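These numbers come from a predicted model, not from an experiment. Hydrogens, waters and symmetry mates play no part in the numbers below; they use all other heavy atoms, side chains included. In what follows, every chain begins at residue 1, and chains take the letters A, B, ... in the order their sequences are listed.
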Amino acid sequence: MRLSKAFILLLSVMFLGITVLTGCSSRTTGGTETAGTSTEQPQTTRTVKHELEEITITGTPSRIVVLEFSFIDALASLGISPVGIADDNDPSLIIPEVKQKIGTYTSVGSRYETNLELISSLQPDLIIADLSRHKEIYDKLTKIAPTIVVKSLGADYKSNLEAFPVIAEAVGASDKAKQLISDHQKRMEELKKRIPADEKRTVLPAVASSTGFFAHTNAAYAGSLLEQLGYKDAIQGTEAYPKVTLEQLVTADPDILFIMKSGDKTVIDEWKSNPLWTNLKAVKNGQIHYVERNAWSLSRGLIAAETIADQALQLLYSGSK
Amino acid sequence: MKASSFIKPIMLALLGCSLLAAGILLSISFGAADIRMAEVWNAITNPEPTKEQLIVRTLRLPRALGSALIGASLAVAGALMQAVTRNPLASPQIFGINAGASLVVVGSIVLFPFLSPPALVYFAFAGAALGGGLVYSFGSAGGQSPVKLALAGTAVSLLLAALTEGLVVLHDHQTQTVLFWLAGAVDGVSWSDVHTLLPWSLLGLLVAAGISRSMTLLGLGDDVAHGLGQRVQRARLLAGVAVILLAGSSVAVAGPIGFIGLVIPHIVRRMVGSDYRMVIPFAALFGAVLLVYADLASRYISYPFESPVGIVTAALGAPFFLYLIHKGRMASQ
């Protein structure tokens, strides 16, 4: 990479952070131990198997730092507030449905360029990281605090649901998670019942930005969630968010488009003047729906899933349109 | 005798033109949508507003013509740079022109997201001038040498690319889509992009053709050029302006597509010699041919999804770059 200088700087800062932190963390463990022996509850120890290895976690983590939005959703569902969140320095990216369930937190900066110094300054006792973004820095994260790595970026509905019990296990809330998942599945079944049995229309969630149109396939979160509800994603593939041209969109010709706009000016502004766009089934039938990217693509969790499903059904069957 | 010296260029021109025509025809015939050849032909000769014909006319045709124009522009920009600097490694990519234009374009996308491509062109010109100017001033300080220029070019390009990446990283959730563009892509080239590109490319190509004689003389060395009464500085300045117009407008529309400006002038000089009255038009022709075919190939890397055409030109051009360096080393030994 071309950022090697910055990286070396980061490494040295991180090294410093670790040196400080090893002192801190040993102190904290000492503290909890005394608390455990002197008072009522003995500390429980659990092994948690995450994407990279099996780790042992003692007690109930209370200072949790999360490095992806989906983990906030997971913790919020369990009624836990993270102390630190990699929110790309933009709190507005967290959807209100999730935000109201968590308390104040400290931003640890970008999800892409992890700020290890900031993370360690929060003295976390658990870090939740994403497989695709943070695999390379796992060793560094474990030196700050016990870290679990699960699938988040580019993960579909099913993998996201599978990651939830792992997170719950790590925070010592497995029983609650089981209950939540079963509630969630019931809720999704209820929503599914509201969809007419003869619904055959294809859907396509997509992000439109100034540089391109990015389809969310059946491998993406929103796409797989809609398939779970019984729709078919108009663009199938193994890649979650491929860039598609107007030609491909016209070829796929989805019946329903859920568009997440990224920025005010998007490629659609230009496509709109092309008769191919106006002849899309979704355009002709008034089935273009603009939805929030934060809920439909970034959040990815139980809360977001129900929000997406609610919104989709509202948009498609409320009849006001 | 005189007649025979015309045969080779005429044959080459015929070859280039038929390759280009075939390439454009293939480019409008194949893509994500499956369209019959007869329908492609009808789209041009007997236009009707069917879906297939619209795909050919409004999407594939501007993409093919835009690729041809960008390929021609980049190749001629490279040829001019190689002539002015007398450096075989000179090209918009290696001498910081592309990197400078990219930085300013990405910066303006981040800062002024409402700007459209016609306005971005001016930012790209400024960036191209910045990148090229930095490289030229660093590379010329204390006497010019080909190696110094190439080193300055590499250093400045890396610096500018690092700044661009920094911008992308810092604005991750807004500009992650910029990454595709940064590899160099023509998949989204529309008629309005062609209109944006056309005046600048044509102007650049005309200027290049106009100074082609001076470029040949520059190739003989400043002393000779001076001796022959050439106004060296003026020709150089015009060449610089042409490079900025050609490379800047290309980057504004398609991102920094690499290696065409490096590879094509070498191939063309090998075919027609070092008379720039021949090199410039043939570089334009074969630059267009290369990018049209590279774009066609890029559609099949992860079919039916698009891949940036820059990947293909890099795959073709990088080995050639190494070959040039190797050849240079052999010659200096």
Side-chain angles (χ1 to χ4, degrees), chain A residues 1-6 69 86-90 92-93 109-113 133 153 207-215 217 235-239 241-253 262-267 269-271 273-280 293-294 297-298, chain B residues 31-35 49-60 63 106 109-110 112-117 120 157-166 168-182 185 187-193 255 299 302-308:
Chain A
M1 283 287 277
R2 283 148 190 176
L3 292 163
S4 58
K5 259 192 197 157
F69 290 109
D87 64 355
D88 288 347
N89 296 315
D90 185 355
S92 72
L93 295 173
S110 158
R111 295 171 294 156
Y112 185 92
E113 184 106 331
R133 280 191 208 264
L153 179 75
V207 168
S209 77
S210 61
T211 49
F213 190 87
F214 298 81
T217 64
I235 296 187
Q236 302 276 316
T238 48
E239 214 181 309
Y241 323 117
K243 184 183 176 187
V244 300
T245 55
L246 182 53
E247 177 170 337
Q248 277 167 284
L249 183 61
V250 167
T251 310
D253 204 2
S262 171
D264 291 330
K265 212 175 78 60
T266 70
V267 282
D269 300 332
E270 198 181 309
W271 290 3
S273 59
N274 191 317
L276 283 169
W277 171 265
T278 34
N279 280 322
L280 282 173
R293 188 183 179 194
N294 299 349
S297 176
L298 288 182
Chain B
D34 200 10
I35 299 176
T50 64
K51 190 160 110 179
E52 286 74 19
Q53 292 203 5
L54 281 169
I55 288 177
V56 173
R57 278 203 309 275
T58 66
L59 301 176
R60 290 186 184 172
R63 177 176 178 170
V106 169
I109 288 175
V110 168
F112 318 107
F114 47 85
L115 284 178
S116 55
L120 283 179
S157 289
L158 286 176
L159 173 70
L160 296 175
L163 291 173
T164 311
E165 269 183 47
V168 172
V169 168
L170 289 175
H171 293 80
D172 179 29
H173 55 277
Q174 282 143 29
T175 51
Q176 63 183 191
T177 55
V178 169
L179 287 171
F180 197 97
W181 179 87
L182 271 181
D187 63 285
V189 173
S190 61
W191 279 121
S192 76
D193 290 326
R299 290 174 210 183
S302 66
Y303 186 83
F305 301 117
E306 298 286 344
S307 304

> Any idea how A/F213 and A/W271 line up, ring-wise: parallel (<30°), tilted (30 to 60°), or perpendicular (>60°)?
Replying inline: tilted
> Looking at B/R299, B/R60, B/R63, which hits salt bridge (charged side-chain N to carboxylate O under 4.0 Å, His left out) with A/E247?
Replying inline: B/R60
> chain B heavy atoms under 4.5 Å from A/V244: which part of the residue, side chain, backbone, both or neither?
Replying inline: side chain
> Nearest 0.5 Å, what's the CH2-CG distance between B/W191 and A/N274?
Replying inline: 12.0 Å
> Which bit of A/N294 is near chain B, if near means a heavy-atom gap under 4.5 Å: side chain, backbone, both or neither?
Replying inline: neither
> Under a 4.5 Å heavy-atom cut-off, does chain A meet the side chain of B/I55, its backbone, both or neither?
Replying inline: both
> Side-chain donor-acceptor pair under 3.5 Å between A/T245 and B/D187, yes or no?
Replying inline: no
> chain A heavy atoms under 4.5 Å from B/S190: which part of the residue, side chain, backbone, both or neither?
Replying inline: both
